[in-house]
Amino acid sequence: MSLLLLLAACALTCLGQVAQKYAVESWRGVESTWADKLRSPWLGLAVLSLGGGLLVWLLVLQRLEVGIAYPMLSLNFVLITLIARFVFHEPIDRRHWLGVALVMGGVVLLGQPS
Amino acid sequence: MNRRRGVTFALGSVVLVSAAQLGMRWSMTRLPAPDHWLHVDSLDGRALTVVIAAIFAYALSMLCWLAALRDLPLGRAYALLSISYALVYLLAASLPLFNESFSFSKSLGVALVMLGVITLNTRPARAPELRSAP
């Protein structure tokens, strides 16, 4: 259950970041006022998911030690890499995959019951 | 590019986010779990204050982070931010306030995560940094 909440916090944060990307892209090249920009549905989604992510994160901290939960939040980098590769079809080099493997290894170690 | 200003903002961000995480943990262990939210008799006022202050510190750390990115390449900035993983782990395990402990596997896990985040965010030396263009 704690792990599920942690994954939900990561997923919401990633969704927020992807929505930010779409919001910025939707502003690009269009003449619009600040009010128009703020009314972008992508920005709304970004704010909602980042806020939701923070709320879920607070619930994670009721259950897991912060010393291990906080470094585990770096799963975000892994998720973002997977989204960049498989949703946005960005090229990912070998060095980047090595980083993903290191983060996953660390998270597995941190997840061991002590 | 003003590197010293960038490093200062990045370290400010590290301190703020670490304090925010520790504050959130301290206060959330003193606030009721969601299944008790419907019938709460009394709330720990101090914990509520700390959690709000922690969220504020967290938001401030993001602003510092954005300010740091004006002067530092992303890879360098993330390398500095990864210090906060070690800082939170060390402080939570050594301050009696938190009741957390050190262990070999946890320390190794934190080290691997830091190394991974640094690896993920460093570009090979000769490749041009396409995204640092204005």
Side-chain angles (χ1 to χ4, degrees), chain A residues 1-2 5 9 13 16-17 20-21 46-47 50-51 53-82 84-85 90-114, chain B residues 17-18 20-37 51 54-55 58-59 62 75 78 81-82 84-95 98-124 127:
Chain A
M1 182 63 186
S2 308
L5 278 173
T13 312
Q17 279 165 356
Q20 279 177 349
K21 179 180 161 77
V47 170
L50 289 175
L54 183 62
L55 201 71
V56 175
W57 177 244
L58 289 175
L59 299 182
V60 171
L61 288 182
Q62 280 190 323
R63 301 156 163 271
L64 290 180
E65 295 186 354
V66 68
I68 65 163
Y70 178 54
M72 283 170 105
L73 206 55
S74 59
L75 272 177
N76 263 336
F77 290 107
V78 176
L79 275 181
I80 286 287
T81 303
L82 295 178
R85 172 69 186 80
E90 293 176 12
I92 309 289
D93 60 14
R94 212 182 291 168
R95 185 193 187 93
H96 205 100
W97 288 120
L98 173 66
V100 166
L102 286 168
V103 168
M104 301 264 288
V107 168
V108 167
L109 276 178
L110 289 168
Q112 303 292 316
S114 47
Chain B
V17 77
S18 304
Q21 293 296 338
L22 291 169
M24 287 182 199
R25 166 69 176 170
W26 183 86
S27 50
M28 286 314 286
T29 50
R30 283 158 182 79
L31 290 171
D35 41 333
H36 293 117
W37 283 357
V51 79
I55 290 171
Y58 183 63
M62 288 208 202
Y78 269 117
L81 194 69
S82 74
S84 67
Y85 294 137
L87 197 61
V88 168
Y89 171 62
L90 291 175
L91 286 174
S94 49
L95 297 174
F98 292 98
N99 262 326
E100 297 187 14
S101 61
F102 291 109
S103 81
F104 178 70
S105 70
K106 283 197 270 183
S107 307
L108 191 62
V110 172
L112 280 182
V113 163
M114 291 175 69
L115 204 61
V117 169
I118 293 170
T119 308
L120 274 170
N121 291 291
T122 30
R123 296 272 160 277

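We name chains A, B, ... by the order of the sequence lines, and we start the count at 1 in each one.
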Enquirer: Return the CD1 to NZ distance between I68(A) and K106(B), rounded to the nearest 0.5 Å.
Expert: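 Atom-to-atom, I68(A):CD1 and K106(B):NZ are 6.0 Å apart.
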Enquirer: Does the plane of the ring in Y85(B) sit parallel, tilted or perpendicular to the ring in Y70(A)? Use 30° and 60° as the thresholds.
Expert: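 Rings of Y85(B) and Y70(A): tilted, 30 to 60°.
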Enquirer: CG/L102(A) to CE/M114(B) distance, rounded to the nearest 0.5 angstrom?
Expert: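 Output value for this atom pair is 12.5 Å.
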Enquirer: Less than 4.5 Å to any heavy atom of chain B: does that hold for the side chain of W57(A), its backbone, both, or neither?
Expert: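 For W57(A), the side chain is the part near chain B, not the backbone.
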Enquirer: Return yes when atom OH of Y58(B) has more than 12 non-hydrogen atoms of other residues, nucleotides or ligands closer than 6.0 Å, and no otherwise.
Expert: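 Atom OH in Y58(B) is not crowded, with 12 or fewer foreign heavy atoms closer than 6.0 Å.
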Enquirer: Within this structure, what is the CD1-CG distance for the pair I92(A) and L120(B), rounded to the nearest 0.5 Å?
Expert: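 That separation rounds to 9.5 Å.
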Enquirer: Does any part of the side chain of L61(A), heavy atoms only, come nearer than 4.5 Å to the side chain of Q21(B), both counted from C-beta?
Expert: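 The answer is yes; the side chains approach within 4.5 Å.
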Enquirer: So which atom in L59(A) and which in P34(B) form the shortest heavy-atom distance, rounded to 0.1 Å?
Expert: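 The answer is CD2-CG, 3.6 Å.
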Enquirer: What part of I55(B) gets within 4.5 angstrom of chain A, counting heavy atoms only: side chain, backbone, both, or neither?
Expert: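 For I55(B), side-chain heavy atoms alone lie under 4.5 Å from chain A.
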Enquirer: Where does S84(B) contact chain A at under 4.5 Å (heavy atoms): side chain, backbone, both or neither?
Expert: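 Both parts, heavy atoms under 4.5 Å.
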Enquirer: What residue in A101(A), G111(A), P71(A) has the most heavy-atom pairs under 4.5 Å with chain B?
Expert: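 Among the listed options, the one with the most contacts to chain B is P71(A).
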Enquirer: Quick one: of V113(B), L90(B), L108(B), who has the most non-hydrogen atom pairs under 4.5 Å with chain A?
Expert: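 So the answer, after comparing V113(B), L90(B), L108(B), is V113(B).
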Enquirer: So, the side chain of E100(B) versus the backbone of G67(A): is there a donor-acceptor pair under 3.5 Å, distance only?
Expert: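 Checked: pair present.
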Enquirer: Within the side chain of R95(A), is there an N or O that forms a donor-acceptor pair under 3.5 Å with the backbone of N121(B)?
Expert: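 It does not hold such a pair.
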Enquirer: I want to check something: taking the side chain as every heavy atom from C-beta on, are V108(A) and L112(B) in contact at a cut-off of under 4.5 Å?
Expert: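 Counting from C-beta outward, V108(A) and L112(B) never come under 4.5 Å.
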Enquirer: So, for L64(A) and R25(B), which heavy atoms are closest and what is the spacing to 0.1 Å?
Expert: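 The answer is O-NH1, 2.8 Å.
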Enquirer: Of the backbone (N, CA, C, O) and the side chain (C-beta and beyond), which part of L54(A) lies under 4.5 Å from a heavy atom of chain B, both, or neither?
Expert: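 L54(A) touches chain B through side-chain heavy atoms alone.
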Enquirer: Between Q62(A) and P32(B) (side chain of the first, backbone of the second, donor and acceptor by atom type, cut-off under 3.5 Å), is there such a pair?
Expert: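 At least one qualifying donor-acceptor pair exists.
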Enquirer: Top residue by heavy-atom pair count (under 4.5 Å) with chain A, among T29(B), V110(B), I118(B), V51(B)?
Expert: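 Greatest number of close heavy-atom pairs with chain A: V110(B).
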Enquirer: So what's closer than 4.5 Å to chain A heavy atoms on A33(B): side chain, backbone, both or neither?
Expert: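 Both the backbone and the side chain of A33(B) come within 4.5 Å of chain A.
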